[in-house]
Amino acid sequence: MKILVINAGSSSLKYQLVDTDQDKMLAKGLCERVGSKDSYIKHGADKDERIFAQYMADHEEALKVVFDALIHSERSTITSIDEIDAIGHRIVHGGNYFDSSALITDEVLQKIESLCTLAPLHNPPALKCIQVCQELAPALPQVAVFDTSFFQTLPPSAYMYPLPYELCEKHQIRKYGAHGTSHRYIANRCAALMDQPLEDLKIITCHLGNGCSISAIDHGIAVDTSMGFTPLDGLMMGTRCGAIDPAIIPFLEEAEGLTPAQINEIMNKKSGLLGVSGISNDMRDVRKGAEAGEERAVLAYEMYAHSIRKYLGQYMIEMAGVDAIVLTAGVGENCDRMRRLAFAGLQPLGIILDQEKNSRSHHGKERFISHDDSPVKIIVIPTNEEMMIAQDTYEIVSEL
């Protein structure tokens, strides 16, 4: 079955065409800066990637460009939309409505739309992409795969906030989490690499990139995660502050004369690595600054590692132990120095990093970086949310 996977961001659109029969990616690409005069599309994989300047006023135009690239590019694997069997969409927020992926119907669309206030940057463009696909290929079944659904298994003690219960009920305030598709994928790959059933393992999964989240997966069930009501909570990130004392917000409102919207902008876009280092939200740039001895870069680096270690300890206690810790995304996969700092001194807890394995460069490869004698396995696994979305889509469409 050939499945087109659509991942719509606020100003971007990622896509992959996946052949589930061969478990193979046939084509992929990325539309960037959608809505800007500088918009462009990257189409192709690895050495075959081509970049084309292409004005895309909105996600509707971007999706039309995607279909054109899939059908008419030099190395096209299809000649018509009719060769696609189904479309899978990444949807950031499914609220309390969805604990699994769902075939898209009018009712599902209404529920996704009702959650736009909880994910204003992501749910609206995803909705637009679904609607455009319905217009361009009305006969194709479409499936919604929700980032939040994996965390619907959290117990109330983990997902509730200690606010007045009535307010939480009225406004659907709870921990929803994010990156759920990524956490689910790497947990399953972890079990396969360890040659053990997922149901027999306690795993801590770490999605560490510009956005960061850590999850506790106890015998295949997500029991806690660092992101909360929004993706702002939890770990220090590229531009997001993560968890802070909430009293800082009214303090800044009064001390600096800032509005809630301005503070929200600061916490989401001007904090984290960028805010502390003053250099960049990119870990590679911060690392260079730290290695050059720039004090704020060193501080940002250490704070980032400190926030990782806090959640590792918390989740080990929550699950009464851990069998494996998995790292993915840009920092988790590629920054050996950050991994070394995050795991330093944890040998008494059974977490022993192999320094030689950790320092080897194996871009895009799954690998163990823990010492052979480490009771807790440390594994680097490149995430593949698109393949997870394709699998979910295949399973749902196959039952139609």
Chemist: How about I317: does its CD1 atom have over 12 heavy atoms from other parts shown lying under 6.0 Å from it?
Modeler: no
Chemist: Minimum heavy-atom separation for A300 to M236, with atom names?
Modeler: O-CE, 3.7 Å
Chemist: Applying side chain to side chain contact (heavy atoms under 4.5 Å, CB included), run through Y301 and C335 and close with a yes or a no.
Modeler: CA-CA 11 Å; Y301 217 85; C335 191; 3.1 Å; yes
Chemist: Should K310 and Q314 be marked as a side chain to side chain contact (heavy atoms under 4.5 Å, CB included) after you check the CA-CA gap, both sets of side-chain angles, and the distance that decides it?
Modeler: CA-CA 6 Å; K310 282 197 299 184; Q314 178 181 327; over 6 Å; no
Chemist: So, H183 and T225: side-chain donor and acceptor under 3.5 Å apart, yes or no?
Modeler: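 Side chains of H183 and T225: no pair found under 3.5 Å.
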Chemist: Taking the side chain as every heavy atom from C-beta outward, state whether T205 and H207 have any atom pair closer than 4.5 Å.
Modeler: no
Chemist: Flag the pair L63 / K128 as yes when at least one side-chain heavy-atom distance between them is below 4.5 Å, and no otherwise.
Modeler: no
Chemist: Taking atom CZ of R339 and atom CD of Q355, what is their separation to the nearest 0.5 Å?
Modeler: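 Going from the CZ atom of R339 to the CD atom of Q355 covers 10.5 Å.
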Chemist: Please confirm whether the backbone N or O of H93 pairs with a side-chain atom of N123, one donor and one acceptor, at under 3.5 Å?
Modeler: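 Yes, because the side chain of N123 sits within donor-acceptor range (under 3.5 Å) of the backbone of H93.
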Chemist: I'd like to know if E291 and R337 make a salt bridge, using a cut-off of under 4.0 Å between side-chain N and carboxylate O.
Modeler: yes
Chemist: Any chain of hydrophobic side-chain contacts (each under 4.5 Å) joining L4 to V145?
Modeler: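 Not linked; separate clusters.
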Chemist: Ignoring hydrogens and angles, state whether a donor on the side chain of Y15 or H43 is under 3.5 Å from an acceptor on the partner side chain.
Modeler: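 On atom types as modelled, these side chains qualify, holding a pair under 3.5 Å.
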Chemist: Compare every heavy atom of I3 with every heavy atom of G88, then report the nearest pair and how far apart it is.
Modeler: N-CG2, 4.2 Å
Chemist: Quick check: closest heavy atoms across L193 and F368, and the distance to 0.1 Å?
Modeler: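 Result for this residue pair: O-CZ, 3.9 Å.
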Chemist: Does NZ belonging to K202 count more than 12 external heavy atoms closer than 6.0 Å?
Modeler: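 For K202, atom NZ is crowded (more than 12 foreign heavy atoms under 6.0 Å).
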Chemist: Return yes when atom NE2 of H219 has more than 12 non-hydrogen atoms of other residues, nucleotides or ligands closer than 6.0 Å, and no otherwise.
Modeler: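 Counting neighbours around NE2 of H219, more than 12 heavy atoms of other residues, nucleotides or ligands fall under 6.0 Å, so yes.
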Chemist: To the closest 0.5 Å, what do you measure between CE (M338) and CD (E302)?
Modeler: 9.0 Å
Chemist: Side chains of T79 and E83 only: does a donor on one sit below 3.5 Å from an acceptor on the other?
Modeler: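 On atom types as modelled, these side chains qualify, holding a pair under 3.5 Å.
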Chemist: Looking at Y55, I'd like to know if its OH atom is crowded, meaning that more than 12 non-hydrogen atoms belonging to other residues, nucleotides or ligands lie closer than 6.0 Å.
Modeler: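 It does: Y55 OH has more than 12 such atoms within range.
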Chemist: Are K14 and R90 close enough, and set up right, to give a side chain to side chain contact (heavy atoms under 4.5 Å, CB included), and what steps lead you there?
Modeler: CA-CA 10 Å; K14 290 172 62 178; R90 177 209 178 200; over 6 Å; no
Chemist: Backbone N or O of G350 within a donor-acceptor pair of the S374 side chain at under 3.5 Å?
Modeler: yes
Chemist: By the rule that ILVMFWY residues connect when side-chain heavy atoms come within less than 4.5 angstrom, directly or transitively, which residues belong alongside Y176?
Modeler: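 Besides Y176, the hydrophobic cluster comprises I91, Y97, F98, I104, V108, L109, I112, L115, L118, L127, I130, F146, Y161, L163, I173, F229, listed by chain and residue number.
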Chemist: With a 6.0 Å cut-off (strictly less than), is the heavy-atom count around CZ of R360, excluding the residue itself, greater than 12?
Modeler: yes
Chemist: What is the minimum heavy-atom distance between D233 and A243, and which atoms define it?
Modeler: OD1-CB, 3.5 Å
Chemist: For S370, is there any backbone N or O sitting under 3.5 Å from a side-chain donor or acceptor partner on D354?
Modeler: no
Chemist: So, does S226 use its side chain to make a donor-acceptor pair with the main chain of I214 at under 3.5 Å?
Modeler: yes
Chemist: Does a side-chain heavy-atom distance below 4.5 Å link M303 with V276?
Modeler: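 They are in contact (side-chain heavy atoms under 4.5 Å apart), so the answer is yes.
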Chemist: Between K288 and D282, is there a salt bridge with N-O shorter than 4.0 Å?
Modeler: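 A salt bridge is absent here (no side-chain N lies under 4.0 Å from a carboxylate O).
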Chemist: Is there a side chain to side chain contact (heavy atoms under 4.5 Å, CB included) between M194 and I203 once you walk through the steps?
Modeler: CA-CA 11 Å; M194 293 180 69; I203 305 172; 5.9 Å; no
Chemist: Could you check if a side-chain atom of R340 sits within less than 4.5 angstrom of a side-chain atom of N358, using non-hydrogen atoms only?
Modeler: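 Yes, at least one pair of side-chain atoms sits under 4.5 Å.
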Chemist: Check each of V376, L353, I352 against H371 using the side chain to side chain contact (heavy atoms under 4.5 Å, CB included) test, and report the only one that passes.
Modeler: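 Among V376, L353, I352, the one that satisfies the side chain to side chain contact (heavy atoms under 4.5 Å, CB included) with H371 is I352.
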Chemist: Answer yes or no: is there an ion pair linking R287 with D336, defined by an N-O contact shorter than 4.0 Å?
Modeler: yes
Chemist: Does any non-hydrogen side-chain atom of C206 lie less than 4.5 Å from one of L312?
Modeler: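 In contact.
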Chemist: Tell me the closest heavy-atom pair linking M237 and P231, and the distance in Å.
Modeler: CE-O, 3.1 Å
Chemist: Check the side chains of N384 and R189 for a donor-acceptor pair under 3.5 angstrom, ignoring hydrogens and angles.
Modeler: no
Chemist: Heavy-atom count around D21 CG within 6.0 Å, excluding the residue itself: above 12?
Modeler: yes
Chemist: Side chains of M316 and I351: does their closest heavy-atom pair fall under 4.5 Å?
Modeler: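 Answer yes - side chains close enough.
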Chemist: Measure across D147 and H179 and return the closest heavy-atom pair with its distance rounded to 0.1 Å.
Modeler: OD2-N, 3.7 Å
